[in-house]
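All residue numbers in this chain count up from 1 along the given sequence. Hydrogens, waters and symmetry mates play no part in the numbers below; they use all other heavy atoms, side chains included.
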Amino acid sequence: MKRIYPILCILSLIASLICAPFATTTWRFGLLFFVTLCICTGGMWGLIHLSQTRSDWIGKTSGWLVRIGQVIFHLWVISFVIIECMIVSGVQSEIQEPVEVIFVLGGGLRGDQPTQNLQNRLEVGVELMEQYPEAQVIVCGGQGKDEDEPEAAVMYRWMTEHGADAGRITMEAKSRNTIQNIENANAICEQKGWGTEHVTVVSSGFHLFRIRHIMESCGLTPSVIGASAGNPAARTLMYIREYFSVVKLLFSGYW
């Protein structure tokens with residue numbers, strides 16, 4: 001088992017170098033995650049070496065730290081596997097008809113254009129507008145620190161340029177996370193007098209497990225549609241990031 005730390009350290013270093021040249025939100029997360037994993041596993045690697053080569057207080061202290069580190073690592077791995085299984089189990093779309101209001105959640109920008117992940121969600125949104133011609137749409141997404149305009153504005157522009165009826169699309173441009181996406185969009189429905197008994201949320205497949213819980217906490221009946229999450233490398237990072245989002249949700253009161 002102790003051999004896994006140098007292996008993980010080296011693999012994490014390689015993954016960090018792969019993520020480093022990219023600037024999008026997903027790849028920045030990947031860089032942070034793999035750098036952190038590299039430091040932690042590298043630290044364990046060094047402590048194991050000290051515990052095996054030193055017989056003084058440094059070696060003994062290192063041995064105790066190794067034991068503590070192994071317990072923490074094992075608990076993290078167990079929680080990671082359990083939560084990822086939960087995320088994967090919830091990737092299937094589940095539409096509750098009739099569809100009267102559609103929330104399309106933001107997913108990052110590349111300059112003044114949606115990322116591939118977000119574009120996939122918007123394509124699903126346009127298809128739903130055609131399938132349910134009476135449904136109203138709310139595009140959800142505020143402006144990130146590295147974004148020139150709110151995601152909702154880019155989403156609105158992209159959808160209308162691709163044939164969507166502008167009169168049926170409302171922008172929610174203040175939210176900074178998924179919980180705010182749904183809460184703020186729900187508030188817009190109340191302001192406009194739209195019923196919220198039949199709300200459907202569009203996001204990426206990896207996102208649907210968490211969205212169901214948030215919808216239930218907001219008094220909505222879970223109705224979700226998953227869009228493709230892009231290329232395999234980005235999708236893998238998104239699933240890893242979603243683990244931390246679910247852990248955060250557990251302590252947010254929305255579970």
Check whether any side-chain N or O of [X] sits under 3.5 Å from a backbone N or O of [Y] as a donor-acceptor pair, and report yes or no.
| X | Y | value |
| --- | --- | --- |
| Ser16 | Val35 | yes |
| Arg210 | Glu242 | no |
| Thr196 | Glu190 | no |
| Arg121 | Gly106 | yes |
| Gln143 | Asp148 | yes |
| Asn120 | Ser228 | yes |
| Glu183 | Cys218 | no |
| Thr61 | Ile58 | no |
| Glu94 | Val224 | no |

Verify the cluster assignment for [X] and [Y]: are they in a single hydrophobic cluster under the rule of side-chain heavy atoms below 4.5 Å apart?
| X | Y | result |
| --- | --- | --- |
| Tyr239 | Leu37 | yes |
| Val247 | Leu32 | no |
| Phe73 | Leu75 | no |

So which atom in [X] and which in [Y] form the shortest heavy-atom distance, rounded to 0.1 Å?
| X | Y | value |
| --- | --- | --- |
| Phe206 | Ile87 | O-CG2, 3.4 Å |
| Met155 | Leu122 | CB-CD2, 3.7 Å |
| Cys9 | Thr41 | CA-OG1, 3.2 Å |

Quiz: residues 123-137 side-chain donor-acceptor pairs under 3.5 angstrom, not counting sequence neighbours:
{"residue": "Glu123", "atom": "OE2", "partner": "Gln119", "partner atom": "NE2", "Å": "3.3"}
{"residue": "Tyr132", "atom": "OH", "partner": "Glu97", "partner atom": "OE2", "Å": "2.4"}

### Message
The criterion is side-chain hydrogen bond (donor to acceptor under 3.5 Å, both in side chains); which residues satisfy it with Ser223, sequence neighbours excluded?
### Response
Thr200
### Query
side-chain hydrogen bond (donor to acceptor under 3.5 Å, both in side chains) with Glu100: which residues, sequence neighbours excluded?
none
Within the structure provided, determine whether [X] and [Y] are in side-chain contact (heavy-atom separation under 4.5 Å).
| X | Y | value |
| --- | --- | --- |
| Thr178 | Leu249 | no |
| Met44 | Gln70 | yes |
| Arg241 | Leu237 | no |

### Summary
ring pair (Phe, Tyr, Trp, His ring centres under 6.0 Å) filter on His162, not counting sequence neighbours, yields Trp158
#### Entry: Within residues 80-127 or reaching into it, pairs that qualify as ring-ring contact (aromatic ring centres under 6.0 Å, His included) - sequence neighbours excluded
Trp76-Phe80, Phe80-Tyr243
### Message
For residues 34-67, which residue pairs pass the ring-ring contact (aromatic ring centres under 6.0 Å, His included) check, not counting sequence neighbours?
### Response
none
### Message
Against Ser203, only a single residue in Val104, Asn181, Ile211 fulfils side chain to side chain contact (heavy atoms under 4.5 Å, CB included); can you say which?
### Response
Ile211
### Task
State, without any angle test, whether Asn117 and Ser204 hold a side-chain donor-acceptor pair at a distance under 3.5 Å.
yes
### Query
Is it true that atom CD of Gln96 has more than 12 heavy atoms of other residues, nucleotides or ligands lying nearer than 6.0 Å?
yes
